[in-house]
Amino acid sequence: MTEASVREFKMPDVGEGLTEAEILKWYVQPGDTVTDGQVVCEVETAKAAVELPIPYDGVVRDLHFPEGTTVDVGTAIIAVDVGGGSAAPAAEQPAAGQPAAAAPAEEPKAAGSGRQPVLVGYGVATSSTRRRPRKGPEVPVQQASTAIQTELNGHAPAAQAAPPAAAPAAPAGTERPLAKPPVRKLAKDLGVDLTTVVPTGPDGIITREDVHAAVAAAVPAATEPQVAPAPAAVQAPASYDTTRETRIPVKGVRKATAAAMVGSAFTAPHVTEFVTVDVTRTMKLVEELKADKEFTGLRVNPLLLIAKALLVAIRRNPDVNASWDEAAQEIVVKHYVNLGIAAATPRGLIVPNIKDAHAKTLPQLAESLGELVATARDGKTSPAAMQGGTVTITNVGVFGVDTGTPILNPGESAILAVGAIKPQPWVHKGKVKPRQVTTLALSFDHRLVDGELGSKVLADVAAILEQPKRLITWA
């Protein structure tokens, strides 16, 4: 392995304008062989979690940052030897406690050679990040004691045995277990050593089933009752009492959401209007659509019809689908609707949107909603899916909440909050009867949506949900 054969893979710009990302998880370690397109790590930006593929073949030489580190875009995060050699010989590997050799700087690119490849966006930001200096070598206690006695007596103490020889290197013919990258990731996540797995795939390749079989075989031994040792005393950090407080770092999606909401709340003048509506007929239609063959395999719920009702209301009142251009001092009316759906995920609130939702049929809209929700739950929403939204729906009713005053998603003109749908006494055909009722709340940017326009949109949505046949008559 030569220094010239080492390539440095830099943190790409995985979203437009993003400047940093946190390394959530490494899928490879020094010595692992990687291939072009193989996912080597997962990072979290201010918008989403993204898996990063390596753009060349080689052997991993060094991981420059541990998991949990926030790294600027354009900073080298992994070094790979692309010269065709294997991992560094044992003699070149640093001993325990010894500092690793500094990774060589990337060779300057020749003119016209292109820029660092990116996944999404328009280039990488200039980075000023520097690696923190590693701690100096630590001398083992036994070695330090021997050195001191040798200095005092002129020879090593007789009672001291010679340090054990380094473990012999693996035989030259030993090969790494054969497994595809997804299988290696699965084994790592489950804590399975691939060298102990019996392969059943063709040509001795380890399959996902082999990994699961290895886990199942280890379960009986792991479930045997054991006597737990007495817990050792753990000293809490002096900065706070862990029994009374929990501190959660604000970063990634949570940090971006907080900044966006503060900016929106204090930039756009919000107005919120409310209406309570009888949605009994809509709930009946939901049950009928579930039995319709056109919706086989699709998830049909009240949110689907609420989304369609909002799209019809926007078509009837197109000026509500707009944005404010501060620099040009113009109102930009959009002739398309990218419908955002607020989704709560373990990493925080995100708002992916359905592109060109206005052009979709009801079954197509149901399919898009299902895909959007499933992707968000899996934490795989891409940055592109959260860009370009025009209006948003947030369903607070799933938490049993009646209504709220939602804050606009930055750059959008309106957001509709849907409350819990529950039976309430209602005057229906001159008599008080139990009906399915909900409360809708529409927040809008009062710079471009006045009270009349906002009221018309909210009234139209309510009218459609009360009489869903208007989805046809108003279409």
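In what follows, every heavy atom counts, from backbone to side chain, and hydrogens, waters and symmetry copies are set aside. Everything numeric here is computed off the predicted structure, so don't read it as measured data.
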Backbone N/O of D36 and side chain of D57: donor-acceptor pair under 3.5 Å: yes

Any donor-acceptor N/O pair, S455 side chain to G451 backbone, under 3.5 Å: yes

Point-to-point distance, once rounded to the nearest 0.5 Å, from CD of E294 to OG1 of T361: 9.0 Å

Pairwise distance CG(L448) to CD(E330) - rounded to 0.5 angstrom: 13.0 Å

Sub-4.5 Å side-chain heavy-atom contact between L339 and I393: yes

Stepwise side-chain contact (heavy atoms from CB on, under 4.5 Å) test for V279 and V437: CA-CA 6 Å; V279 294; V437 177; 6.0 Å; no

Side-chain touch V28/I78, heavy atoms, less than 4.5 angstrom: yes

H64 side chain vs A76 backbone, donor-acceptor pair below 3.5 Å: no

Candidate pair L285 and R281, rule side-chain contact (heavy atoms from CB on, under 4.5 Å), full reasoning: CA-CA 6 Å; L285 179 57; R281 292 185 178 88; over 6 Å; no

Where V449 and G454 come nearest, the two heavy atoms and their spacing: CG1-N, 3.6 Å

Euclidean distance, I464 CD1 relative to I472 CD1, rounded to 0.5 Å: 11.5 Å

T403 versus F274, closest heavy-atom pair with distance: OG1-CD2, 3.8 Å

Between E22 and T69, a side-chain donor and acceptor under 3.5 Å: no

Any I23 side-chain heavy atom under 4.5 Å of P66 side chain: no

Closest heavy-atom pair and its distance - A441, G404: CB-O, 3.2 Å

Test item: H428 side-chain N/O and R435 main-chain N/O as donor-acceptor pair under 3.5 Å: no

Flag, side chain of E367 to backbone of Q364, donor-acceptor distance under 3.5 Å: no

R299 atom CZ, neighbour heavy-atom count above 12 within 6.0 Å: no

Heavy-atom closest pair, residues E67 and K25: OE2-CA, 3.4 Å

L303 side, atom CG; T394 side, atom OG1 - distance, nearest 0.5 Å: 10.0 Å

Reported CZ-to-CG distance for the pair F9 and L52, which is rounded to 0.5 angstrom: 5.5 Å

R61 with D81: basic N within carboxylate O range, under 4.0 Å: no

E466 side chain to A463 backbone, donor-acceptor under 3.5 Å: no

Where G201 and D210 come nearest, the two heavy atoms and their spacing: N-OD2, 4.0 Å

Distance-only side-chain donor-acceptor flag, E412 / S323, under 3.5 Å: no

Residue from R470, R316, R315 passing side-chain hydrogen bond (donor to acceptor under 3.5 Å, both in side chains) with D460: R316

N/O donor-acceptor pair under 3.5 Å between N353 side chain and Q387 backbone: yes

E287 bridged to K290 by N-O distance under 4.0 Å: yes

Donor + acceptor pair across side chains of N321, T390 (<3.5 Å): yes

Inter-residue atom distance I306.CD1 - T282.OG1, 0.5 Å rounding: 8.0 Å

Side chain proximity check, I354 to N338, heavy atoms < 4.5 angstrom: no

T272-S443 side chain donor-acceptor pair, cut-off 3.5 Å: yes

Side-chain donor-acceptor pair present, T375, T381, cut-off under 3.5 Å: no

side-chain contact (heavy atoms from CB on, under 4.5 Å) between K10 and T75, intermediate numbers included: CA-CA 5 Å; K10 297 180 179 180; T75 302; over 6 Å; no

Exceeds 12 heavy-atom contacts within 6.0 angstrom, atom NZ of K456: no

For the student: nearest non-hydrogen atoms of L365 and A357, plus distance: CD1-CB, 4.4 Å

N/O donor-acceptor pair under 3.5 Å between D356 side chain and A359 backbone: no

Over 12 non-hydrogen atoms of neighbours within 6.0 angstrom of CZ in R377: no

Backbone of E51 reached by a side-chain donor or acceptor of Y27 within 3.5 Å: no

Residues D445, R447: salt bridge by 4.0 Å N-O rule: yes

Short side-chain to backbone donor-acceptor contact, D325 and A328, under 3.5 Å: yes

L362 and F295: CA distance, side-chain angles, deciding distance, side-chain contact (heavy atoms from CB on, under 4.5 Å) verdict: CA-CA 9 Å; L362 197 59; F295 292 87; 3.8 Å; yes

